[in-house]
Amino acid sequence: MIYLYDEAIVNDLKNSFNPNAVENPVVSVVSPDKVIDIAAQLQNDEITFPIVALTRNDDISIDTNLTNFTRMHKGVAAVIDPKTNNLYYEHAIPLNLEYSLTVLATNTADMDELIRELIFKYTRMYFLTITLPYEGQRKVRFGVTINSDSAIERSSGVVEYLESGQIYQSIIRLKCEGCVYVKYTPVHLKRTAHEIVPAVPTKSK
């Protein structure tokens, strides 16, 4: 389900740079699963700049500061399916997710303007929402912000572009808060009928 966080960040960036959903936006936003295609597109000159590419860091860890034993192991009653009469217990494990936001441009002016926009966007916690595709069908709200422990990496002329130009690159490190792994365990509810027999009072002597 982590891909849902990827999609939420990418779609939000696309809406920010291309609110009218035009066919050829000024800034191209690339999702994590499409980043690998950039090199091939460069070779064939099928790509336009500037580009904002999102990649998720390989390391994913459990956020031990937010773990809750009951929610992780026993689960919390979350939803009842009236058709099956199942009660679903939600198990949640908080995660530490970090991303790299790479900006590629053919000139420093575009690079500086894009970095400025992104820094203002993520300097304070920026909140997004995903909808879980599981039994609960509930929404998870999470925050994205700049990782203040990492500097903005900038490099010039790292990648040669068609042997005649250069691509300027900057990388902003992002971290997320409120991300979770979620699993549901069903428990079938049984109907129990009780017959209440009123007690007959005894006559006192």
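Everything quoted here is computed from the prediction, not taken from an experiment.
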Review point. What's the shortest heavy-atom distance between M72 and A92, and which atoms?
Key: CG-O, 3.4 Å

Exercise for review: Drop me the distance from F127's CZ to F142's CZ, to the nearest 0.5 angstrom.
Suggested key: 10.5 Å

Check your understanding: Do you reckon Y5 sits in the same ILVMFWY cluster as I62, going by side-chain contacts under 4.5 Å, direct or chained?
Key -> yes

Review point. With Y126, which residues qualify under side chain to side chain donor-acceptor pair (under 3.5 Å), at least two apart?
Key: D12, K121

Review point. Are L95 and V180 close enough that some pair of their side-chain heavy atoms sits under 4.5 Å apart?
Key: no

Review point. In chain order, what residues pass the side chain to side chain donor-acceptor pair (under 3.5 Å) check against E98, with sequence neighbours excluded?
Key: none

Practice item. Decide yes or no for L101 and I9: does some side-chain heavy atom of the first lie under 4.5 Å from some side-chain heavy atom of the second? Key: no

Check your understanding: Which atom pair, heavy atoms only, marks the closest approach of I171 to S100?
Key -> CG2-CB, 4.0 Å

Check your understanding: Rounded to the nearest 0.5 Å, how far does CG of N96 lie from CD1 of I60?
Key -> 10.0 Å

**Study point:** Any side-chain heavy-atom pair of N18 and V27 under 4.5 Å
**Key:** no

Study note, to complete from the structure: By salt bridge (Lys or Arg N to Asp or Glu O under 4.0 Å), R124 pairs with (sequence neighbours left out) none

Check your understanding: According to the salt bridge (Lys or Arg N to Asp or Glu O under 4.0 Å) rule, which pairs have a member within residues 171-183, sequence neighbours left out?
Key -> E153-R173

**Study point:** Full working for side-chain contact (heavy atoms from CB on, under 4.5 Å) between I172 and Y122
**Key:** CA-CA 10 Å; I172 300 174; Y122 295 115; 6.0 Å; no

Check your understanding: Which distance, rounded to the nearest 0.5 Å, do you find between the CD of E7 and the CD1 of I2?
Key -> 12.5 Å

Review point. Same cluster or not: are Y181 and Y3 linked, directly or through other Ile, Leu, Val, Met, Phe, Trp or Tyr residues, by side-chain heavy atoms under 4.5 angstrom apart?
Key: yes

Study note, to complete from the structure: T106 and F49 have their tightest heavy-atom pair at CG2-CD1, 3.7 Å

**Study point:** Considering all heavy atoms, the nearest P186-Y88 contact
**Key:** CB-CE2, 3.4 Å

**Study point:** Distance (rounded to the nearest 0.5 Å) between I115 CD1 and Y168 OH
**Key:** 14.5 Å

Exercise for review: Run the numbers on Y184 and L132 for side-chain contact (heavy atoms from CB on, under 4.5 Å), then give the verdict.
Suggested key: CA-CA 11 Å; Y184 290 91; L132 300 179; 4.1 Å; yes

Check your understanding: Can you name the one residue among V144, D6, T55 that meets side-chain contact (heavy atoms from CB on, under 4.5 Å) with Y99?
Key -> D6

Study note, to complete from the structure: When every non-hydrogen atom of P19 is compared with those of S16, the smallest separation belongs to CD-O, 3.9 Å

Study note, to complete from the structure: When rounded to the nearest 0.5 Å, the distance separating CG of L66 from CD1 of I93 is 13.0 Å

Practice item. Measure the spacing between CZ of R154 and CE of M111 and express it to the nearest 0.5 Å. Key: 6.0 Å

Exercise for review: With the side chain counted from C-beta on, respond yes when V140 and L4 share a heavy-atom pair under 4.5 Å apart, and no when they do not.
Suggested key: no

Review point. Given side chains that start at C-beta, do those of F17 and V29 come closer than 4.5 Å, heavy atoms only?
Key: yes

Study note, to complete from the structure: The side chain to side chain donor-acceptor pair (under 3.5 Å) partners of K14 (sequence neighbours excluded) come to none

**Study point:** Chi angles and distances behind the side-chain contact (heavy atoms from CB on, under 4.5 Å) call for L128, N11
**Key:** CA-CA 10 Å; L128 295 168; N11 291 335; over 6 Å; no

Practice item. Write down the atom of V103, the atom of V52, and the distance for their closest heavy-atom approach. Key: CG2-CG2, 4.4 Å

**Study point:** Side-chain (N57) to main-chain (D59) donor-acceptor, under 3.5 angstrom
**Key:** no

Check your understanding: Taking only residues two or more places apart in sequence or in another chain, which ones pass side chain to side chain donor-acceptor pair (under 3.5 Å) with N15?
Key -> none

